[in-house]
Colleague: 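Dumping the structure here so I can ask a few things about it.
Predicted, not measured: the structure shown is a model, and the values here were computed from it.
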Amino acid sequence: MRILLKGFVADGTNEPARRSVLIENDTIIAVEKEISGSCAAEKIFQFRDEIIAPGFIDVHGHSDLSLAAFPGGESKRSQGVTTEITGNCGLSAFPVTSMNRDHLNDLYADYGISISWNDLTEYRQMLVSREVKLRTYALCGHNTLRASVAGYEKQELSIEELMRMQEYLERALKDGSPGLSTGLLYTPGCFANPEEITSLMRVLTKYNAVYATHLRSEGDHLTESLTETLECAKKAGLKKVEISHFKTAGENNWHKIDQAFEIIHAYRDQGIDVRFDRYPYTESQTMLSVILPAPFDTMPDRDITIAFRDENAVKLAISSLKKRPESDWSRWRLTGTTHPYWHKFAGQKYHNLPGDRIMAVIDQLKFDATTATIGAAGMSENNLLRIITDPLCMPGSDGNAVRGKTPSGTPHPRAFGAIAKFFRMKLDAGETIGNVVASATSKPADFFNLPDIGTLHCGKKADITVFSPEEINSDADFTDPYRPAAGIRLSMLDGKLRFF
């Protein structure tokens, strides 16, 4: 079947011009100034002021298991996303062994998916069997990788364990993974020293693959963490590094933005293609357990729930939380929990919760720490705009593909709005349509070595998004995070309409 789209085409490399795009089955077969005659196609879409663009790429998503549960990927498709890079922040759905299978099944229990696969190929077959309506490329997550050979508690690895990690990583790269991600704030990634990371980077170097990292610190030790990562890349000869959700967390760290950019450009000058992704919000979302002190800060979430059966452990946590300043409680928001009482307060700030807010935290963690999440304000609006409008920035939602409400609570508004709002911010800042489109299409496709997508050129996959540059935006918030983005007219994956 042939489909013809007429309108202003931003092909991912140039500014829009009055053109047409002709598709046959799943492939683009012509992109012309004009394709004359309706006989060229069985179906014609005519657009007046909208932009016909390559399908948007969400370079930082976490839909590894949510897509299996919600294969339509509605929250992504409704904002023009046709491709997601999954497996971020060190957490991927593979490799799976007896060392990490139970933990991963507990972590993803809400989705009702039993993890029966072992590697990327089998995981991908599972997604195909569920007819997922989103193109995905899965990074190999370092936390999952490390746990597959040594579990979640071992801090120092043996040479044999490190070699098995390298073997599993190389197998994933051969099977089509675009690279490795780390989440050095989380267990067991937090145990990894620079030598361990460098040894894995050397495997990436052989394949010109990407290293994407949730830095060890995004606030108090931002510059040190950034330098650590880029020094490792330099030693490994690695050429591609992505800083995940690049930010300056905490008001006391906002001034570090200049130094952080200086570090990035210094290493770019040394031949490392350093880039970053960002979601267009100043409020983050992560696991509730990150606010706990030692020894809980190095425990897997499942083990925290077990530890809290001991009243002495609970008392230690309470003592620490009592020392938190009032400003913390006013910027923290309950976003997710399966606790039968606290679940109904998802989306509210902790200082507005009824009763004892400390006990609210304890209750959620005691019930199930693997589903307890927290939102936290603390980022600079000015720095956000500076990051998003930088030419090195690519859009990343840091969110799951969902359809609606989930058992554990409300998602961050980025789930339904990040990419559309990213476009709005860049366009309002005066960037050209062509440059904005490229930041979400051809640039990430090139960076992640995805030759079949990213531009509207002959022979490419027919992944297409049509949007209104005047209307594209999102007003989703924590009160109603499910509001669909505005301004998306059409999206296609492999030449099939997925949103219209």
Colleague: Taking salt bridge (charged side-chain N to carboxylate O under 4.0 Å, His left out) as the criterion, tell me which of R333, K421, R483 meets it with D477.
Modeller: R483
Colleague: Among pairs that include at least one residue of residues 152-207, which meet ring-ring contact (aromatic ring centres under 6.0 Å, His included), considering only residues two or more places apart or in two chains?
Modeller: H103-Y152, Y186-H214
Colleague: Can you find a heavy atom in the side chain of L184 that is under 4.5 Å from one in the side chain of L215?
Modeller: no
Colleague: Between T335 and F478, does the side-chain contact (heavy atoms from CB on, under 4.5 Å) criterion hold? Intermediate values first, please.
Modeller: CA-CA 8 Å; T335 56; F478 280 100; 3.7 Å; yes
Colleague: Quick one: list whatever passes salt bridge (charged side-chain N to carboxylate O under 4.0 Å, His left out) with R403, sequence neighbours left out.
Modeller: none
Colleague: Indicate the atoms forming the closest heavy-atom contact of I113 with N105, along with that distance.
Modeller: O-OD1, 3.8 Å
Colleague: Keeping the roles fixed (side chain from Q364, backbone from W342), state whether a donor-acceptor pair exists under 3.5 Å.
Modeller: no
Colleague: Let me know which of S148, P188, S92 forms a side chain to side chain contact (heavy atoms under 4.5 Å, CB included) with N143.
Modeller: P188
Colleague: Might you point out which heavy atoms bring S177 and A138 nearest each other, and give the distance in Å?
Modeller: OG-O, 2.8 Å
Colleague: Find out whether E122 and F94 are in side-chain contact, i.e. whether some heavy atom of one side chain is under 4.5 Å from a heavy atom of the other.
Modeller: no
Colleague: With rounding to the nearest 0.5 Å, note down the distance linking CG in N208 to CG in L173.
Modeller: 11.0 Å
Colleague: When rounded to the nearest 0.5 angstrom, what distance separates CG in N100 from OG1 in T144?
Modeller: 6.5 Å
Colleague: Would you name the heavy atoms of P395 and S439 that are closest together and state the gap between them?
Modeller: CD-O, 3.2 Å
Colleague: Which atoms form the tightest heavy-atom contact between P444 and V59, and what is the distance?
Modeller: CB-CG1, 3.4 Å
Colleague: Please answer whether the main-chain N or O of W117 pairs with a side-chain N or O of R101 as donor and acceptor at a distance below 3.5 Å.
Modeller: yes
Colleague: Quick one: do K426 and I388 satisfy side-chain contact (heavy atoms from CB on, under 4.5 Å)? Show the steps, please.
Modeller: CA-CA 7 Å; K426 289 176 79 71; I388 280 184; 3.6 Å; yes
Colleague: Are the aromatic rings of F467 and F423 close, with centres under 6.0 Å apart?
Modeller: yes
Colleague: Show the numbers, then the answer: is there a side-chain contact (heavy atoms from CB on, under 4.5 Å) between L139 and I85?
Modeller: CA-CA 7 Å; L139 296 165; I85 307 296; 3.8 Å; yes
Colleague: Is there a side-chain contact between L4 and F45 in this structure, where contact means two heavy atoms from C-beta onward sitting under 4.5 Å apart?
Modeller: no
Colleague: Could you tell me whether a side-chain N or O of T182 sits under 3.5 Å from a main-chain N or O of H142, the two making a donor and an acceptor?
Modeller: no
Colleague: Under 4.5 Å between any side-chain heavy atoms of H343 and T338, yes or no?
Modeller: no
Colleague: Return yes if a side-chain donor-acceptor contact under 3.5 Å exists between T136 and T86, otherwise no.
Modeller: no
Colleague: Measuring only between side-chain heavy atoms, which start at C-beta, is L204 closer than 4.5 Å to L169?
Modeller: yes
Colleague: Using a strict threshold of under 4.0 Å (side-chain N to carboxylate O), is an ion pair present between E42 and R2?
Modeller: no
Colleague: Drop me the distance from K461's NZ to I453's CD1, to the nearest 0.5 angstrom.
Modeller: 10.5 Å
Colleague: When you measure from the side chain of R489 to the backbone of S468, do you find a donor-acceptor pair of N or O atoms at a distance under 3.5 Å?
Modeller: no
Colleague: For the side chain of R278 and the backbone of I387, is there at least one donor-acceptor N/O pair under 3.5 Å apart?
Modeller: no
Colleague: Please find out if less than 6.0 Å separates the ring center of H245 from that of F276.
Modeller: no
Colleague: E228 and salt bridge (charged side-chain N to carboxylate O under 4.0 Å, His left out): which single residue from R216, K234, K235 fits?
Modeller: R216
Colleague: Enter the distance from R164:CZ to E167:CD here, rounded to the nearest 0.5 Å.
Modeller: 8.0 Å
Colleague: Is the backbone N or O of M1 less than 3.5 Å from a side-chain atom of N25, with the two atoms forming a donor-acceptor pair by type?
Modeller: yes
Colleague: Taking the side chain from Q79 and the backbone from A418, do they hold a donor-acceptor pair closer than 3.5 Å?
Modeller: yes
Colleague: Got a second to check how far L392's CG is from D277's CG, nearest 0.5 Å?
Modeller: 12.0 Å
Colleague: Is the shortest side-chain heavy-atom distance between T213 and I243 below 4.5 Å?
Modeller: yes
Colleague: Quick check: closest heavy atoms across I291 and I374, and the distance to 0.1 Å?
Modeller: CG2-CD1, 4.1 Å
Colleague: Does D58 reach the main-chain N or O of S397 with its side chain, forming a donor-acceptor pair under 3.5 Å?
Modeller: yes
Colleague: Answer whether the closest heavy-atom distance between the side chains of I3 and L497 falls below 4.5 Å.
Modeller: no
Colleague: Does D11 have any salt bridge (charged side-chain N to carboxylate O under 4.0 Å, His left out) partners at least two apart in sequence or in another chain, and if so, which?
Modeller: R19
Colleague: Applying salt bridge (charged side-chain N to carboxylate O under 4.0 Å, His left out) as the test, list every pair that has at least one member in residues 185-213; sequence neighbours left out.
Modeller: R146-E196, E170-K206
Colleague: Does A41 offer a backbone N or O that forms a donor-acceptor pair with the side chain of K43 under 3.5 Å?
Modeller: no
Colleague: Between N88 and H62, is there a donor-acceptor pair closer than 3.5 Å when you use the side chain of the first and the backbone of the second?
Modeller: no
Colleague: Between V210 and P178, is there a side-chain heavy-atom distance shorter than 4.5 Å?
Modeller: no
Colleague: Atom NZ of residue position K344 - does it have more than 12 heavy atoms of other residues, nucleotides or ligands inside 6.0 Å?
Modeller: yes
Colleague: Just do the side chain to side chain donor-acceptor pair (under 3.5 Å) check on T455 and T13 with the steps written out, would you?
Modeller: CA-CA 7 Å; T455 60; T13 61; over 6 Å; no
Colleague: Among K239, K240, R268, E242, which one satisfies side chain to side chain contact (heavy atoms under 4.5 Å, CB included) with V274?
Modeller: R268
Colleague: Out of curiosity, I304 CD1 to D297 CG, how far, rounded to the nearest 0.5 Å?
Modeller: 8.5 Å
Colleague: Mind running side-chain contact (heavy atoms from CB on, under 4.5 Å) on I52 and I464 for me, showing each step along the way?
Modeller: CA-CA 7 Å; I52 303 170; I464 295 175; 3.9 Å; yes
Colleague: State which residues pass salt bridge (charged side-chain N to carboxylate O under 4.0 Å, His left out) with E32; sequence neighbours excluded, sorted by chain then number.
Modeller: none
Colleague: How far apart are the closest heavy atoms of A68 and M126, and which atoms are they?
Modeller: CB-SD, 3.7 Å
Colleague: According to ring pair (Phe, Tyr, Trp, His ring centres under 6.0 Å), who are the partners of F367, at least two apart in sequence or on a separate chain?
Modeller: H339
Colleague: Does R414 count as lying over the ring of Y279, i.e. NZ or CZ under 6.0 Å from the six-ring centre, within 45 degrees of the axis?
Modeller: yes
Colleague: Should K460 and D452 count as an ion pair when the cut-off is N to O under 4.0 Å?
Modeller: no
Colleague: Run the numbers on D175 and Y123 for side chain to side chain donor-acceptor pair (under 3.5 Å), then give the verdict.
Modeller: CA-CA 11 Å; D175 288 346; Y123 162 69; over 6 Å; no
